[in-house]
2 protein chains.
Amino acid sequence: MAGIEEVARRAGVSPSTVSRALRGRSGVSERTRRRITGIAEELDYSISRSASGLATGRTMCVGVIVPFVWRWFFGQIIGGAEQVLRAAGYDMMLYTTGDLESRERFFRELPVRGRVDAVLVLSMDLTEQEADRLRGLDLPLALVGHEAEGFSSVHIDDRQGTRLAVQHLINLGHRDIAMIQGLEPKPLGAIAPIIRREAFQQTLSDNDIEPRPEWMVPGAFSIGAGERAMDQLLATSTPPTAVFTYADELAMGALRSMRRHGRSVPQDMSIVGFDDHEMSEYVELTTVAQPVRAQGATAAQLLMNQLTSGSRETSVLPMPIELVVRGSTGPPRSSAELSGD
Amino acid sequence: MAGIEEVARRAGVSPSTVSRALRGRSGVSERTRRRITGIAEELDYSISRSASGLATGRTMCVGVIVPFVWRWFFGQIIGGAEQVLRAAGYDMMLYTTGDLESRERFFRELPVRGRVDAVLVLSMDLTEQEADRLRGLDLPLALVGHEAEGFSSVHIDDRQGTRLAVQHLINLGHRDIAMIQGLEPKPLGAIAPIIRREAFQQTLSDNDIEPRPEWMVPGAFSIGAGERAMDQLLATSTPPTAVFTYADELAMGALRSMRRHGRSVPQDMSIVGFDDHEMSEYVELTTVAQPVRAQGATAAQLLMNQLTSGSRETSVLPMPIELVVRGSTGPPRSSAELSGD
DNA sequence: TTGAAAGCGCTAACAG
DNA sequence: CTGTTAGCGCTTTCAA
């Protein structure tokens, strides 16, 4: 491990000149710079990030917090963010906070402290307390999924997306519509699930449909949870004719449940998802598409902007959504029969 | 940002004592430790990782290299690894090298240098040159997926897995068997795809079946690639009756192609995948299951062992595999007709 | 354009 | 059990 001193000695200059030369700072003659670069390469010199970090106070590292890595959705966002960070010369520190324990631990110990120059929170609904902990870091902060004081933010219009989905079902003739929610019974200050639930109920009301409490079932975030939720709906005395789900993965679980019960989609049940998961096309799921990679990339870019400008000004960027109609939605059986009469 | 000196002053001790106390080192009275801990908490003191890293030479950080984050398979492995690293007090630095450009860039610049205490390579087939670059780091190294000199390694028996899958097809009565490979035309020293291809051909030979070159189609790693591959197979003059695919995601693409062509599975075509993707159960895919999270976790554990023991001894751990038979495989139509006669 | 010197905040070896 | 001292390897004034 050759140090900067070694490079300096061989180049016949001082360490400061090497430092300047290697980082492209001005104040070094082109000739000297070239010589230094050559020798550094020859020696396979690589800077000590710890030393550099200690001296400058910057780590050239961004902390990314995400509930899970193994969901397609999060993987995509992370990928988008990483690309931007890498291009700007930053490395990415990954923290997953999927289960309650690791989440609490993260916000208690705040392992990003002193490790990163900025923090990117991906699709996680922060409690006010958690957001506060992060603000206390006094670093540029960004958020994908919703807005929060002190964070730059990139997000879609959850209300509008929900409306698109539900109105689509209503337009097809459905009136008995359930929702598989993305919400644990005890939310941690989650906001998107709440917005979508409210928008769901609002859209029904706007169409003079009375929301039915037993048709609002919890779903968490897995295929299995979606399956159980649909099982539950099918077990009610009068099952709905259509279901709006919080996420495509829940919808896929719902599809699985339908298949297991020998019911067909959309004849026996219309299903709409949210996200436009890469598999959704395959299972012919009607869904609300949102740009996923782009949200990660954009949020990372906002962070980079703050970092280079040195400003602490946050910004908010809305992202487009779109209803993608596929085979999982159709008119309810009753209306089909009626029209057949 | 209170420093260690501030804490020391308030506690009426020296910085070294604070350092010892906070890191749980011996040689501090319980009373003093408690007092220091209290004050540190009160001041919201957090250690400067750069300074600590510079002083100790350790970063408490592990570099994880992975082709993509957005594949279920990789997400799972990362998740498994992260859990183990976090528990051991290490943070995780993530590097994705999915496309050629970022891969070359990574191995050229080696951004892990001076940033991490160990490197974990997940399911990436390294070229000898790339492995060399990593070995030059002189850090503990681990690999998931295959073996390499100087790396601890966790992997399944690809040959055996392939044999399980292909023999299953043969036992069902298939003799016209194709393979959708996980191999780009110009491999980068990839080894698992080669092993599986060879094992595929060997298994056929062992059963006196002549492998047919036009039935060996390339597949890369996406659902789309699997779909195109199956399109290609269906377009041959005499399509096979069964297909073994390199990965479940390719198999899902193959299923999509079948559906698009109005063919049914397994009547018109039996399909076997590899991995046991979480969606595979849903699409009723017969597959070779391998532990995924566990491989990431185990590899991380091997690294932790090396780090704590300080030894540079590498170890190799085989992981179990299992054929999971679901609805995507059955006897070939001809044999079904014969038995019906 | 370059060099000398003074840290950045922590740890570790050695004394006490 | 605790303090003193001397760096870890780089950056950054300030002076030349």
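A note on names: the letters A, B, ... follow the listed sequences, proteins ahead of strands, and every chain is numbered from 1.
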J.: Think B:Y45 has a side-chain N or O under 4.0 angstrom from the OP1 or OP2 of C:dC10?
T.: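 Yes, because at least one side-chain N or O of B:Y45 sits under 4.0 Å from OP1 or OP2 of C:dC10.
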
J.: Round to the nearest Å and state the distance from A:E6 atom CD to D:dG9 atom C1'.
T.: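 Going from CD in A:E6 over to C1' in D:dG9 covers 13 Å.
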
J.: Between C:dC8 atom C1' and A:I4 atom CD1, what is the distance in whole Å?
T.: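 Going from CD1 in A:I4 over to C1' in C:dC8 covers 15 Å.
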
J.: Please state whether the phosphate of C:dG9, meaning OP1 or OP2, lies under 4.0 angstrom from any side-chain nitrogen or oxygen of B:S48.
T.: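 Answer no for this pair, as no side-chain N or O of B:S48 is under 4.0 Å from OP1 or OP2.
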
J.: What's the spacing between B:R25 CZ and B:T17 OG1 if we round to 0.5 Å?
T.: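 Here the interatomic distance stands at 14.0 Å.
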
J.: Whether A:T17 contacts C:dG3 is assessed here as follows: a side-chain N or O lying under 4.0 Å from the phosphate OP1 or OP2. Is that the case?
T.: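 Yes, within the criterion.
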
J.: Record whether the side chain of B:T56 comes under 3.5 Å of the base of C:dA12 through a donor-acceptor pair of N or O atoms.
T.: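 For B:T56, whose side chain was compared with the base of C:dA12, there is no donor-acceptor pair (under 3.5 Å).
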
J.: Nearest-nucleotide wise, let me know which of B:V13 and B:A55 is further upstream toward the 5' end of DNA chain D.
T.: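 Comparing both residues, the 5'-ward one is B:V13.
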
J.: So does B:S14 get a side-chain nitrogen or oxygen closer than 4.0 Å to the phosphate oxygens (OP1/OP2) of D:dT4?
T.: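 Result: no.
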
J.: Quick one: A:R34 CZ to C:dT1 P, roughly how many Å, whole number?
T.: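 Rounded to the whole Å, the gap is 14 Å.
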
J.: Please tell me if B:S52 has a side-chain N or O lying less than 4.0 Å from either OP1 or OP2 of C:dT11.
T.: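 Answer is yes, contact under 4.0 Å.
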
J.: Within this structure, what is the CZ-to-C1' distance between A:R31 and C:dT2, rounded to whole angstrom?
T.: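 In whole Å, C:dT2 C1' lies 14 Å from A:R31 CZ.
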
J.: Just wondering, are more than 12 heavy atoms of other shown residues or ligands nearer than 6.0 Å to CD in A:E109?
T.: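 Atom CD in A:E109 is crowded, with more than 12 foreign heavy atoms closer than 6.0 Å.
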
J.: Which pair of non-hydrogen atoms, one from A:S48 and one from B:L54, has the smallest distance, and what is that distance?
T.: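 A:S48 and B:L54 have their closest heavy atoms at OG-CD1, 4.5 Å.
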
J.: I need the CG-P distance between B:L54 and D:dT11, as an integer number of Å.
T.: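 To the nearest whole Å, that distance equals 12 Å.
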
J.: CZ of B:R9 versus P of D:dT2: gap in Å, rounded?
T.: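 So the two atoms are 19 Å apart, to the nearest Å.
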
J.: Side chains of A:Q295 and A:Q76: does their closest heavy-atom pair fall under 4.5 Å?
T.: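 The answer is no, as the side chains (C-beta and beyond) never meet within the 4.5 Å cut-off.
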
J.: So what does B:T32 touch, heavy atoms closer than 4.0 Å: a base, only the sugar-phosphate, or nothing?
T.: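 Answer is sugar-phosphate: B:T32 comes under 4.0 Å of backbone atoms only.
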
J.: Among C:dT2, D:dT11, C:dC10, find the nucleotide with the atom closest to the side chain of B:A51.
T.: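 The closest nucleotide is C:dC10.
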
J.: Against A:F151, only a single residue in A:V144, A:L302, A:L126 fulfils side-chain contact (heavy atoms from CB on, under 4.5 Å); can you say which?
T.: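 Result: among A:V144, A:L302, A:L126, A:L126 is the only option passing the side-chain contact (heavy atoms from CB on, under 4.5 Å) with A:F151.
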
J.: Without decimals, in angstroms, what is the distance between B:R115 CZ and D:dC10 P?
T.: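 Whole-Å distance recorded here is 14 Å.
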
J.: Distance from A:T314 atom OG1 to A:L303 atom CG, nearest 0.5 Å?
T.: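 A:T314 atom OG1 to A:L303 atom CG measures 11.5 Å (nearest 0.5 Å).
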
J.: Let's test your reading of the model: under 3.5 Å, does the base of C:dG3 pair with the side chain of A:R20 as donor and acceptor?
T.: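 Such a pair exists between side chain and base.
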
J.: At under 4.0 Å between heavy atoms, what does B:S16 touch on the DNA or RNA strands: base, sugar-phosphate, or nothing?
T.: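 Base contact.
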
J.: Looking at the side chain of B:S29, which of C:dT11, D:dT11, D:dT2 is the nearest nucleotide?
T.: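 Between C:dT11, D:dT11, D:dT2, the one nearest the side chain of B:S29 would be D:dT2.
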
J.: Hey, is the side chain of A:R23 poking within less than 4.0 Å of OP1 or OP2 on D:dT12, counting only N and O atoms?
T.: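 For A:R23, the contact criterion (side-chain N or O under 4.0 Å from OP1 or OP2 of D:dT12) is met.
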
J.: Which whole-number value in Å describes the distance from B:E5 CD to C:dC8 C1'?
T.: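 One finds 12 Å between C1' of C:dC8 and CD of B:E5, rounded.
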
